[in-house]
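In what follows, every chain begins at residue 1, and chains take the letters A, B, ... in the order their sequences are listed. What you are looking at is a predicted structure, and each value in this text was computed from that prediction instead of being measured.
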Amino acid sequence: MPEMIEVEAYRDLAERAALGRQISAIETPDEWYLKRGLVPATLQELIGYQLSAARRRGKLLLLETQGPDGAGGPVLGLRFGMSGRLVVDGAAGVAELRHSTNAPLARYDRFGLVYSDGGHLRVRDPRRLGGVELDPAEAGLGPDAASVTLGRLSAALDGSRAPLKARLMDQSRLAGVGNLIADEVLWRSSLSPQRPAGSLSAPEVRRLHRHLRATVAELGTRGGSHTGDLMDERRGGGTCPKDGRPLQRDTVGGRTTWWCPWHQE
DNA sequence: CCGGATGTTCACCT
DNA sequence: GAGGTGAACATCCG
């Protein structure tokens, strides 16, 4: 599931349902899921702490912690890969709160916080492509795509001969855009994914910026990065919803790319 | 059975 | 240094 749209939904869930509850245990059923040298013993320092804020940068969910004395603790960084979900008290992204006390770990639960009230926060990830780390290097990520300014977007593209789509998905330049959102935004912007990123004119960058922010907002409202207008056409025989021409499939930036060579220039 | 899938990282090329 | 490619991770789906 996760591109930034889904991670924002997880952030919202965490903010609504996971803050201010005392952590009583850490679940690490899959140590491979702990990244950058993190080990279960290190996570024990979070016992007695609580989550104090839920932030997001691109596809990275950042959970701030606070000790019993009110002092700030380490930041818990969660990545969800392609199949990860955040589950709080047994519900993923749902409003209702049901504390399923002592609920056993599900088959694909890779990491969890147990609360002293009996509830829990867990990362469920069948494909195991996500991960957990402490104090992730946020500086390594570009500005978030949901709020990036025109100037920052322009700077992210400037001087690059890499394909536009590859640059948009380079998390160190711009954080949050994944394969589906990239195709949707470029299609809406009538820009070819293969254009050298630095070759866009000023009006084209403005157009891209407008569509990027509008698309992220709209897909968020619709409920996911898979709700784009192009989604149903990502298959053999798919046609452009704008002009009915056949869509083309290519590999750009190492990812399958669907686009309309008729109107995307 | 085979191929591909919303992501990231790394080794290895050019 | 920039950019590209393929592999790896593990499961599901068509």
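Regarding A:Leu157, its CG atom lies at a distance of 12 Å from the P atom of C:dG3, rounded to whole Å. Whole-Å rounding puts the A:Arg57 CZ to B:dG7 P distance at 18 Å. In this structure, A:Arg85 atom CZ and C:dT11 atom C1' are separated by 14 Å, rounded to whole Å. Rounded to an integer number of Å, the gap from A:Arg107 CZ to C:dA10 C1' is 10 Å. As a whole-Å value, the separation of A:Met82 CE from C:dC9 C1' is 10 Å. The interatomic distance linking A:Leu129 (CG) with C:dC12 (P) rounds to 13 Å, in whole Å. C:dC13 atom P lies 14 Å from atom NE2 of A:His226, rounded to whole Å. Distance, A:Asp170 CG to C:dG1 P: 16 Å, rounded to whole Å.
A:Gly178 comes within 4.0 angstrom of the backbone, heavy atoms only, and of no base. Note on A:Arg235: nothing from the nucleic acid sits closer than 4.0 angstrom, heavy atoms only. Residue contacts shown for A:Tyr108 are limited to sugar-phosphate atoms, with no base heavy atom under 4.0 Å away.
At a threshold of 4.0 Å, the pair A:Arg222-A:Asp229 counts as salt-bridged, since one of the basic side-chain nitrogens sits closer than that to a carboxylate oxygen.
The side chain of A:Ala162 has C:dG4 as its nearest neighbour among C:dG4, C:dT11, C:dA10. When distances are taken from the side chain of A:Ser160 to each of C:dG3, B:dG7, B:dA5, the shortest belongs to C:dG3. When each of B:dA5, C:dA10, C:dC12 is scored by its nearest atom to the side-chain atoms of A:Arg128, the top-ranked nucleotide is C:dA10. Here the side chain of A:Arg110 is nearest to one of B:dA5, C:dA10, C:dG4, namely C:dA10. Distances were taken from every side-chain heavy atom of A:Pro163 (C-beta onward) to each of B:dA5, C:dG3, B:dT8; the shortest belongs to C:dG3. Counting only heavy atoms from C-beta on, A:Ala166 has its side chain closest to C:dG4 among C:dG4, B:dA5, C:dG3. The side chain of A:Arg255 lies closest to B:dT8, out of C:dC9, B:dT8, B:dG4.
For B:dT14, the paired base is C:dA2 (Watson-Crick or G-U wobble, both distances below 3.5 Å).
When the options A:Gln194, A:Arg234, A:Lys165 are evaluated for a side-chain hydrogen bond (donor to acceptor under 3.5 Å, both in side chains) with A:Thr257, the one that passes is A:Lys165.
No donor-acceptor contact under 3.5 angstrom links the side chains of A:Tyr115 and A:Asp89, judged on distance only. Counted by atom type alone, A:Glu6 and A:Ser225 present one or more donor-acceptor pairs between their side chains at under 3.5 Å. A:Trp259 and A:Asp250 form a side-chain donor-acceptor contact under 3.5 Å, judged by distance and modelled atom types alone.
For B:dT8 and C:dG1, the P atoms lie 23 Å apart once the distance is rounded to whole Å.
Counting non-hydrogen atoms of other residues, nucleotides and ligands closer than 6.0 Å to CZ of A:Arg152 gives a total of 12 or fewer.
The base of C:dA10 sits within donor-acceptor range of the side chain of A:Arg127, with an N or O pair under 3.5 Å.
The phosphate of B:dA5 has OP1 or OP2 within less than 4.0 Å of a side-chain N or O from A:Thr256.
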